[in-house]
Structure formats: structure tokens, C-alpha cells
Amino acid sequence: MVCLRRLTIAAVLSLPVADTAAATTTTTTTTTTTGISELADRLFNGQGSAFEFVLTTRHGNWSRWNPPVNDSYTVQNANGKIRVEGTTLNALARGLRHYANQVLQVDEFWFVDTYKKIPQDLPVPEQPLSGASVVPWRYNLNTVTFSYNFAWYQWEDWEKLLDWAALRGVNLQLAWVGYEKIFLDSFRELGLSNEDILPFFSGPAFQAWNRFGNIQRSWGGKGDVPLSFIEQQFDLQKKIVARMVELGITPVLPAFPGFVPDSIKNVRPNANLTVSPNWFAPAPDRYTRDLFLDPLDDTYAELQKLFVSKQIEAFGNVTNIYTLDQFNELSPMSGESAYLSGISRNTYAGLTAANPAAVWLLQGWLFYSSRSFWTQPRIDAYLGGVEDDQGMLVLDLYSEVNPQWQRTNSYSGKPWIWCQLHDFGGNMALEGRVQTLTSAPIDALAQSESLAGFGLTPEAYEGNEIVYDILLDQAWSPTPLDTQTYFESWVTKRYAGVSSIPSELYQAWEILRTHVYSNTRADIPQVAVATYQLRPALSGIVNRTGHFPHPTAVHYDPVILQTAWELLLEAVTRQGSLWLVPAFQLDFIDVTRQMLSNQFDFLYVDLVKAYECSTSVGSKRRHSNASECDLEAAGCKLLSLLSTLDDTLLSSRHFTLRSWVDAARSWGRDTGNQNLFAFNARSQVTVWQVNATNLNDYAAKAWGGLVGSYYKGRWSIFVDALVAASKSRPLDQDALTRKLQDFEADWQAGGDDDAGEGARPQDLRGVLLGLQGWPELVDRFLKVQ
């Protein structure tokens with residue numbers, strides 16, 4: 001057996017049962033295509049039997065001894081059957097999508113229910129369709145996506161996501177739902193009890209950072225994470241992993257990174273522990289400063305073996321690839337090369353002791369976020385501790401803006417993946433770099449011999465679906481995709497089902513392509529946060545650039561977006577059946593939301609000018625237009641716009657706070673702790689800890705109910721304070737700050753989750769008609785000033 005060529009027979013026989021299974025991961029196996037047939041059923045309204053799926057190669061699980069190769073597929077007529085041949089299950093899934101796109105002109109999208117008309121008898125392709133990947137790996141997900149996006153996902157949500165990923169050729173995806181169950185069971189084996197371990201875990205919306213060693217414990221006085229929730233999440237993980245395997249997506253399972261609860265001292269009093277820095281100062285130390293167990297310690301290897309073997313036992317022998325990040329925004333204790341190489345060498349030794357075929361997947365974010373620490377000698381030392389290059393796979397997490405592969409010598413020769421990060425915290429502005437996404441990865445492929453894949457690593461997915469599609473599709477083209485042609489084809493499939501797509505719709509998306517999705521500015525490196533989503537202030541929040549805190553500036557002329565919006569409006573006026581297409585409703589609201597967000601910035605500037613004017617001696621006499629000094633009028637316009645925005649967002653549950661909180665409460669009802677779950681849901685998108693961390697408003701969302709109750713609430717306090725100051729006294733900034741903090745704390749604790757959720761129109765069209773017709777709507781949206 002090829003996979004055992006580096007192990008002696010004695011070594012194999014000496015392994016425990018779980019390890020022996022791991023050691024034989026690359027033996028030839030028989031693979032069933034049943035999962036792909038069921039995918040075809042879901043995609044084509046139960047017509048999976050119209051397809052014949054044939055695997056052209058056989059292989060076992062990918063490992064450090066069995067690295068993947070490029071995939072290929074062919075779809076053709078085989079005596080009236082639609083025959084799909086492919087090198088892997090994932091290639092078959094990609095071929096299935098090629099058929100849907102090419103023959104039926106339809107696609108499956110993630111954020112909406114796809115509106116597509118599938119013929120009762122599927123036609124065979126007139127000519128063979130074929131495709132081949134240009135990279136072996138097509139990767140998906142960031143470790144924090146599991147909190148920003150998936151904290152409340154049910155199985156139905158995961159099923160849709162996994163179908164979306166498989167159809168686009170994703171064959172490597174992070175899978176660490178239910179990690180806390182593995183953690184709990186492993187530490188129990190050391191002699192700890194549930195009561196020793198559960199208080200270490202952070203709340204259900206903050207688990208990702210607890211897993212990273214950034215934070216610990218729950219806050220807000222709502223209690224610990226219920227054991228029943230941990231069990232239910234693990235049951236969900238079993239379904240997720242099984243479905244991934246059926247679809248040919250290799251699961252990346254969590255290894256033990258080294259972060260431990262204080263209670264470990266009770267059973268391992270001599271363990272070598274290091275206290276991590278306070279990750280989100282000025283938050284209290286008790287919620288951060290996790291303990292890191294030295295990989296040189298025997299207990300580390302013991303826990304690593306437990307983590308991996310328990311997952312093999314639970315899920316089967318389904319993968320050899322494990323995610324493991326020890327220094328996420330945390331610097332090592334020492335920068336000495338011997339220390340760094342020793343850390344990684346022993347980490348990997350612990351991993352391969354549990355699974356000899358293991359590959360360590362590392363997010364390369366540390367080399368960017370702590371780049372002053374990670375010099376080339378230190379990078380070489382840390383990565384070089386894994387002596388077998390095929391034993392590690394590095395994600396170049398932010399390739400589209402801040403690639404690190406060039407400065408790290410292609411990660412010291414380790415296989416790596418070119419990734420698009422794009423979105424931090426799940427902010428919702430329209431943004432993308434489609435020219436970069438189609439050219440830079442192809443350039444990197446020509447320049448770096450160790451480039452092994454393209455991937456998506458957003459902190460969260462909140463719209464902008466086209467920028468994710470185009471990179472995954474670029475993985476199947478040896479030359480940069482033509483973005484104009486791509487957008488036109490994408491629009492055709494996205495709005496499939498209407499009798500004809502108006503030309504104005506293509507024109508609108510061409511404007512979006514050439515302006516909104518063609519960001520070239522280095523000082524606006526990501527999806528922006530909206531100015532109205534920040535705590536109100538007289539300066540420092542509008543037109544902000546840079547990476548952190550989030551930028552608020554837009555990289556295009558706002559008038560351009562208004563033109564695109566008017567074209568969308570004209571398209572649906574001409575073709576009313578577009579209202580039946582959920583994707584059009586979502587996209588129209590999304591563009592409307594962004595247009596109003598842009599407009600807010602102008603009204604904010606007017607408000608500040610009016611305040612300065614009204615508080616300057618003689619300033620009113622110097623202004624020819626007295627309305628420029630009308631502070632109350634300026635405040636009313638600003639608050640009115642937020643009401644209009646809230647109304648618009650409430651027209652779709654996709655854009656509502658209530659959907660997020662209801663999903664949290666659903667898990668809370670099942671586990672008997674709705675207060676903890678609702679509190680976590682509200683906190684993550686607003687204030688993590690009141691006035692205690694610069695992460696507050698980091699994950700801001702444009703959601704109906706949130707805009708009307710939380711953002712408008714803060715701005716109302718601000719406007720009232722300015723008006724009062726302009727009439728009788730200077731602005732008391734300290735008093736204003738305290739009032740805003742009190743408001744934030746009250747909202748976080750109790751929330752107003754149902755705000756504005758009463759008798760609402762059932763769709764966006766009802767909102768438009770409710771605003772007295774199309775001309776008046778245009779006037780209100782474009783001239784709120």
C-alpha cells in the first residue's frame with residue numbers, strides 16, 4: 001500500500017485502532033455516486049435519474065502522501081441519458097452545474113430561493129461539455145465565519161450551503177461545528193468535570209474566538225453554554241460531515257490548538273502554561289488572556305491524540321486535513337528560531353501521532369496581522385518545523401489586497417492557497433475587485449510552484465455573491481475570465497424564469513461591474529461599514545479609509561449607484577414578472593440599501609455644518625441661505641432617512657434583525673436558555689462589551705429593526721444633544737457619551753427585536769406602492785435632502 005511506504009510494519013501494528021485507520025487513509029476505496037444523484041434531485045426537481053454518473057478514477061482520502069491533482073469532467077449524451085464523467089465526486093458536481101448553466105441557463109444561488117423553471121424532461125446536451133480545474137484545491141470558509149454567519153444555522157441552512165459549494169467545485173471546506181463536544185470529551189479524559197470545563201466556553205455567537213484562544217467565558221450574566229446545545233451542535237456536525245463526503249468536499253476538521261481552561265491545573269499541576277495577551281483590551285482580563293499549553297508538554301500530545309481519534313471515531317475515517325491556528329492575533333512567547341521551529345515540530349508530531357497521514361491547515365493571517373513580528377527567518381523557522389512540505393497547507397488569507405505569499409517566499413515552499421477575504425465582520429456594503437480576482441490568482445499560479453488552490457475566506461458572507469462565484473469559477477479557467485462576459489451570463493442565470501430580461505437590467509449590472517465591483521483603491525481595502533452604523537460623533541467617522549477600524553468611504557461616485565438603481569427600477573417597471581424572482585427582490589433592496597447609506601453621509605455632513613453654523617457667533621448672518629443653519633431641520637432629514645431605510649429593509653426577512661434573533665431563540669428554546677442566545681445575537685452585531693472593546697460595531701448589519709431601533713436610537717440622542725447645545729450651552733461630550741453607553745447597554749440587554757415588525761407589506765412592491773407610486777418613490781429616495 002503506497003500510503004504506508006514511510007511506516008514500518010511494526011510501527012503500524014503498534015498503533016491504536018483509531019490510528020491504524022488513519023494510517024491507511026490513502027488505500028483504494030469504492031466510492032458511491034449516490035450523493036451526487038441526490039444533489040441532482042434537489043437541483044432539478046427530483047430528476048436525478050436522468051443522469052448517469054461515472055467516476056473515471058479511484059482514490060482514498062487526500063493526505064501528505066497522497067496530495068490532490070487537478071479535476072476534470074465531461075457531460076454528454078449517452079443513448080438518451082445525460083452522462084457525467086469526472087475524476088472525483090466533486091468534479092461530477094461541478095459538471096452538473098455546467099449542464100444547468102449551459103443547457104438550461106439556470107443556476108443555484110446561496111442567499112435566496114432560486115426561481116427557476118425546470119422542464120419535465122431534461123434535454124441532453126447537444127455537444128459534450130467539459131471542464132478542468134487549474135488548481136487541485138478549491139477552498140471555502142474562514143474560521144470566524146462559523147460565528148458571524150453560522151452561529152444559528154439549522155440543517156436546512158447547511159444543506160443549501162453545501163449544495164452551493166459542491167456545485168461550484170469547492171472540494172475543501174472547514175467543518176468545525178460542534179468543536180466544543182470534542183473539547184469537552186477530551187478534557188474529561190484528563191479527569192476534569194463538566195463544571196470544570198463549561199465556564200471556559202464563550203457564548204454561542206462568540207465560539208470562534210474562544211477556539212482561537214482570543215477570549216474565554218460568557219459575559220452578560222446569562223450563564224454558561226448549555227451542555228444540550230453542545231450535544232445538538234455535535235449531532236449537526238455529524239450530518240454536515242457526512243453530506244460533505246457524499247458531495248466530494250473534503251472536511252477540514254479541528255485539531256487541538258493548545259488553549260486550555262484554568263482548571264487544567266487541577267489535574268496537570270506541572271503543565272507548562274503561558275498566559276496569552278489581552279486580545280480585546282480594554283475588556284476585563286477575565287474574558288481573555290487564555291492559557292496556552294506548550295506543545296513541548298506531554299499533555300499537549302495526549303490531548304492532540306484525543307481530539308483527532310475521537311473525531312475519527314465519531315465521523316469515520318473521512319479526512320486527513322486538520323485546521324490548527326495557535327497565534328491568531330497573538331504573538332508567540334519568543335521570537336527565537338529554535339523556539340518557533342520547536343513549537344511547530346512538536347505540534348505536528350502530536351498531530352501525526354494521532355493520524356500519521358495528517359496535513360496541518362494553517363490560516364496565514366498571523367503573517368499579515370503581526371507582520372512586524374513575523375520576519376522571514378521566523379517564518380522559515382515556524383513553517384520549517386514541519387519537515388515534510390506536504391504535511392502543511394497554508395491559506396494566504398487576504399490575497400486580493402494584502403497577499404503575503406511573495407514576501408514569505410511562497411510560505412517557505414509549503415503548499416498554499418490564494419484566497420479572497422473581502423468581508424470583515426459581515427458588513428454589507430457593495431464592494432469587490434473582480435479584475436484582481438480574475439488576474440492575480442492566474443499570475444500567482446505562473447510564479448509560485450507551491451500554489452495549490454484558490455479559495456474563499458471572508459469573515460462572513462453578507463451579499464456580494466458575484467465576487468465569490470467569479471473566483472470559484474476562475475479556478476476552472478487557465479486564463480483570466482472576461483468580467484464583462486461573465487457578468488452578463490451571471491445576470492441571465494440569476495434572473496432566469498422571466499419571459500425576457502430587460503436590457504436595463506444588464507445595463508445596471510454593467511455599471512455595478514465597472515464601478516462598484518472594480519475597486520482599485522488600496523486605502524479602501526474591504527467591504528465598508530456605513531457611517532450611520534457607528535457611534536455618532538462630530539468628526540472621525542465619515543469618509544474614513546484604512547483597514548481597522550473599518551473604512552466608511554466608498555470607492556465610487558455615489559451618483560453612479562443612483563443611475564444603476566434607476567435602471568433596476570425601469571427594468572421591473574417594464575417587466576413586472578421580475579417581482580416573482582426572489583434574487584431580483586433581494587438585489588433591488590440591496591442596491592436601495594446602499595444608495596440610502598451613501599445618502600446618509602451627505603446628510604450627516606449637512607448636520608455637522610448646521611451645528612457649527614448655529615453655534616458660531618454671527619455665522620447665521622454670513623450665510624445667504626438661512627436653512628443651512630437650521631439644525632433641527634437637518635436632524636429631521638437625517639432621522640427620516642433612517643426611517644426610510646428601515647422600512648425598505650423590513651420588506652424582506654433576509655434583511656431583518658428579527659430573522660437573526662429568531663434563529664438564536666430557536667436554539668435557545670431547544671436548550672432551555674433563550675436569554676443567553678438572544679443576548680449573544682444582539683451583542684455580536686452591536687456591542688460585544690459596552691465601552692470595553694474596539695470591536696463594538698465591528699459586525700454592524702443593515703437590518704430592518706436594527707436600523708430603526710438601535711442606529712436611529714443612537715442618532716436621535718445625538719441630534720437632540722446637538723440641538724440642546726446650540727440653544728443654551730456647549731456640547732457636554734462626556735454626558736453625551738454616557739447617555740449613548742446607557743442606551744447601548746439597555747438595548748443589548750433587552751433589545752427591541754420586534755421593532756417595526758408589525759403590519760408590514762409582504763414584499764418590496766407593497767412598500768413602493770405604499771410610498772404613493774414610482775415618481776414619488778424616486779423623489780423620496782434620491783432627494784431626501
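Below, each value reflects all heavy atoms present in this structure, side chains not excepted, and no hydrogens, waters or symmetry copies.
At least one side-chain heavy atom of R42 sits less than 4.5 Å from a side-chain heavy atom of E159. Residues P558 and M595 form no side-chain contact, since every pair of their non-hydrogen atoms from C-beta on lies 4.5 Å or further apart. Between Y556 and N519 the shortest side-chain heavy-atom distance does not fall below 4.5 Å. Between F150 and L161 the shortest side-chain heavy-atom distance falls below 4.5 Å. Residues I118 and L104 are in side-chain contact: their nearest non-hydrogen atoms beyond the backbone lie under 4.5 Å apart. The shortest distance between side-chain heavy atoms of V75 and S130 does not fall below 4.5 Å. Proximity of T563 to I511: side-chain heavy atoms (C-beta onward) are separated by under 4.5 Å at one or more points. Side-chain atoms of L362 and F367, non-hydrogen and from C-beta on, do get closer than 4.5 Å to each other.
For F487 and Y506, the gap between ring centers reaches or exceeds 6.0 Å. With ring centers used as reference points, F588 lies under 6.0 Å from W565. For Y468 and H422, the ring centers are positioned less than 6.0 Å apart.
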For R97 and E108: C-alpha separation, side-chain torsions, deciding distance, then whether salt bridge (Lys or Arg N to Asp or Glu O under 4.0 Å) applies. CA-CA 8 Å; R97 179 171 176 245; E108 186 76 9; over 6 Å; no
Give the intermediate values and the outcome of side-chain contact (heavy atoms from CB on, under 4.5 Å) for residues Y73 and T88. CA-CA 9 Å; Y73 62 83; T88 62; over 6 Å; no
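Salt-bridge formation is not detected for the pair R211/D325: no Lys NZ or Arg NE/NH1/NH2 atom is positioned less than 4.0 Å from an Asp or Glu carboxylate oxygen. Under a 4.0 Å N-O distance rule, the pair E52/K81 does not qualify as a salt bridge.
No side-chain N or O of T56 forms a donor-acceptor pair with one of E85 less than 3.5 Å apart. Side-chain contact check for Y139 and N171: no donor-acceptor pair (N or O, by modelled atom type) lies under 3.5 Å.
Note: L393 CG to Q363 CD = 11.5 Å, rounded to the nearest 0.5 Å.
In this structure, W418 and F454 have perpendicular ring planes: the angle between them is above 60°, well past the 30° mark. Ring planes of F424 and H550: tilted class, angle from 30 to 60°.
A cation-pi arrangement is present between R494 and F109 under the rule of less than 6.0 angstrom and at most 45 degrees off the ring axis.
Looking at L437, L472, T457 one by one, the single match for side chain to side chain contact (heavy atoms under 4.5 Å, CB included) with Q420 turns out to be L437.
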